[in-house]
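Written below as C-alpha cells is the structure these notes are about.
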Number of protein chains: 2
Amino acid sequence: MEAPYRRIAADLRRRIRAGELAPGDKTPSTRAIARDFGVALATAVRALAVLKEEGLVEARPRSGTVVAATLSRPRRHHGTAELTRERIVREAIAIADAEGLSTVTVRSVAVRLGVSAPAIYRHVRGRDDLVRTMADLAYGEERYPDAKLGRRDRLEMVARVLWRIYRRHPWLPHLTPLGRPLPLPGVVGHGEQLLLALDGLGLDPATMMTTEVMLYAYVQGLAVHLEREAQATSATGLSEEQWVDTQAGAINAMFFTGRAPLSAKLISDLGPDGFDFDLDRIFEFGLQTLLNGLGIGKAGW
Amino acid sequence: MEAPYRRIAADLRRRIRAGELAPGDKTPSTRAIARDFGVALATAVRALAVLKEEGLVEARPRSGTVVAATLSRPRRHHGTAELTRERIVREAIAIADAEGLSTVTVRSVAVRLGVSAPAIYRHVRGRDDLVRTMADLAYGEERYPDAKLGRRDRLEMVARVLWRIYRRHPWLPHLTPLGRPLPLPGVVGHGEQLLLALDGLGLDPATMMTTEVMLYAYVQGLAVHLEREAQATSATGLSEEQWVDTQAGAINAMFFTGRAPLSAKLISDLGPDGFDFDLDRIFEFGLQTLLNGLGIGKAGW
DNA sequence: ACCTGAACACCGTTCAAGT
DNA sequence: ACCTGAACACCGTTCAAGT
C-alpha cells in the first residue's frame, strides 16, 4: 500500500506515460531520486527495478537508465507465448516471491504478461482462485524420494522440506490451507509423508490426525515470520528507519516503566548486538522439542 | 473482496441511497433475497445485518425489515461523543471481530462512526498504523494475576491466555508482531510472564529468547487457523458449498490416484463424520508435547 | 481547529463491443 | 474464440475549501 518504492515507481510511470519523459530520455539517477524523494538509495534502485521489469525503462551501462523506445506496448499476441493458466500462475508466484503477495493483483499480473486485465479471467476465476492455485503449485514443487527412513528422520525431513518451500515462497504460510481433509492436491504429498512416519505406532485415527495437524501447524506457524524477515532484509528503505523508531519505543517501555524487568534484563544480557533472530535455528530447536515431546526417539521405529 | 453478503448489502445500499427504496419501505425479505441472488438464507440474513449495523435499515418485529427514517445522516457532531483515537481503534476491532480484518477499511470505520474518511487521519497515521494499534490494544486486554505458580503451570497459563485472546480476535494472529525485541507494548506483558517461568533454569540468554519465541510462535501459528474456523462457522453462505466442492476434488485426488494411500485410509478410518477439527484440543495436545519436550515437569521448578 | 468534498491513483470484476 | 475499453463499485490518501 504505502511502500515508498512503489510510490516512486508510480510517479515515474506517470511522467513517462504523460510524455514528460520521452523514449530515450534519461530517467532521474538513483542518487537524484534518493535526494528528491528523501529515501534510501536502495529504495531508489528498487523503484527503477520495478519499471525495468515492466519494460518501461532500460539500463544503459555506464550512462544510467533511459526510457525504453517501445513504450509499454503490450507484446503483440502472435509470435508470443500463448496465455495459459500456468503462465499466469507462474508469473504471479514470481511477483509474490519478489515483492510480496499484496503486490500480486490481477492487473499487475496482466501488465507483466502484456495483456489486459480482463484477459486473466479467461483462465482464472478471480484473484482468490489465482492465489489458491499459486499455493497448490508451490506446495507441489518438492518431490519426496522413496528412501527408507526411521520415524524421526522422516518427520524431520518432511518438516525441513516444508520449511524449505516456505523459505522460497515467504508468502505461502499466510494462506493457511491447513484444514480438514487438506483441500489442495499439492499439500497431500506432505501429509502423506507425515503419516508414513506415524504409521504403525498404533495411534487411533483422531490422535494420528491431531499429531499430523500439529506438526504441520508448527512449521507453518513459524514460517509466517519468514515474510517479515524477507521484507526487513529486502530494500524497502523506509522499514529500516521505522523499525528503529518502533523498537526504541518498545525498549523504552520495557526499561523505564519497570513493568517488564525480566525482558529488560534479557535484552541487556543479549548485549549490544541483540538477539540474532535466526529463524532457521528457532525452527530446528522447536522441531526437536516437539519430536522429543512426542517421545519419538532418534533410533527409529 | 467477493463475499456475497457484502455484494448484496452493497446492492441494497445503493438502491436505498438512490431513493429506489424510500424510508419506511420494506426491504426485500431474507427469503426473497436468498431466491433472487441465489444464496443461502444465512447469507441474506447477514447482508441485512450489515445494513442494520450501518443504521440504514431497522427490524420491525413480525413485519420484516424497513428502510430507516433517518437516512444514513452522519450523526451530528455536537452531543455525540468526541472522535478520538481510542474510539476509532475500538470500532475497528469490533468490525474485525465480527467480519474479519479485510473489512476494516478507513472508510468503513469512518461510516460506522458517522464521520468522513479523512477525519480518521487526524488520529491515525494511516491504515497500517490503525491495524498496529488494534493489535496492541487487543494484546493488552488481559492482565496477569500475581499468583505463585510452578514453571509448567505458568507456561501453560500464558499459552492459554494468548489462546483466549486469539479466540476473541481471530484476525490477531495474522499480524505476526513477533520479533526482535517485541515491538508492541501490549505484547511485552506476555513475554514477561514466559520469562518469569523460564527464569532460574540457568539458560543462557540466547536459549532463553529462542525458547520464548518458539512457544509464542507455536500458539500464534496454530491460532492463525481460528480465523478460518470463524469464517467457516459464520454465515458466509457460499463457503459451505465451495468447501464441499474443493473437498470432493481433494478426496478424489487422494482416493483415486492412489498417490496418497495413507491419507485415504486415515480419512476412511475417521468415519463418515470425518475429523472434528477441534483446534482447542489440538492446541492443548501441542502445548503438552512442547512442554514435555522441553523437559519441564508438572512438579514445578 | 476540526471536518468535509473532491480528487487521484489504485483495486477486482463485468459486459458490450471489437478483431 | 479471444481479447480489449469502458465502466462500476470499491480502496487509501491528499489537499484545498468550508465551518
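Scope of the values below: all heavy atoms of this structure, side chains included, with no hydrogens, waters or symmetry mates. Keep in mind that what you see is a predicted model, and the values were worked out from it rather than measured.
When the P atom of C:dA1 is taken as reference, atom CD of B:Glu82 falls 15 Å away, rounded to whole Å. Straight-line distance from the OH atom of A:Tyr121 to the P atom of D:dA6: 18 Å, rounded to whole Å. Rounded to an integer number of Å, the gap from A:Leu101 CG to C:dC11 P is 14 Å. The distance between atom CG of A:Leu130 and atom C1' of C:dT13, rounded to the nearest whole Å, is 14 Å. Spacing between atom CD of B:Glu99 and atom C1' of D:dC10 amounts to 16 Å, rounded to whole angstrom units. When the C1' atom of D:dT14 is taken as reference, atom CZ of B:Arg107 falls 12 Å away, rounded to whole Å. Atom pair B:His123:NE2 and C:dC2:C1' shows a separation of 9 Å (rounding to whole Å applied). Atom C1' of nucleotide D:dT14 and atom CD1 of B:Ile120 are separated by 15 Å, given to the nearest angstrom.
One finds a salt bridge joining B:Arg168 and B:Glu141 here, because a Lys/Arg side-chain nitrogen approaches an Asp/Glu carboxylate oxygen to under 4.0 Å. Between B:Glu86 and B:Arg90 there is a salt bridge, with a side-chain nitrogen of the basic residue lying less than 4.0 Å from a carboxylate oxygen of the acidic one.
The nucleotide whose nearest atom lies closest to any side-chain atom of A:Arg127 is, among D:dC11, C:dT13, D:dT14, C:dT13. Among the nucleotides C:dC3, D:dC3, D:dT13, the one closest to any side-chain atom of B:Val106 is D:dT13. Listed nucleotides: D:dT4, C:dC3, D:dG12. Nearest to the side chain of B:Thr105: D:dG12. Comparing C:dT13, C:dC2, D:dT14 against the side chain of B:Arg122 picks out C:dC2 as the nearest.
At distances below 3.5 Å, at least one donor-acceptor pair connects side-chain atoms of A:His123 with backbone N or O atoms of A:Leu83. A donor-acceptor contact shorter than 3.5 Å is absent between the side chain of A:Arg127 and the backbone of A:Val106.
Pairing partner, D:dA1: C:dT19, with both Watson-Crick or wobble hydrogen-bond distances short of 3.5 Å. Pair assignment for D:dG12: C:dC8, on the basis of Watson-Crick or G-U wobble contacts that are both within less than 3.5 Å.
Residues A:Thr133 and A:Arg85 have side chains that bring a donor and an acceptor to within less than 3.5 angstrom of each other.
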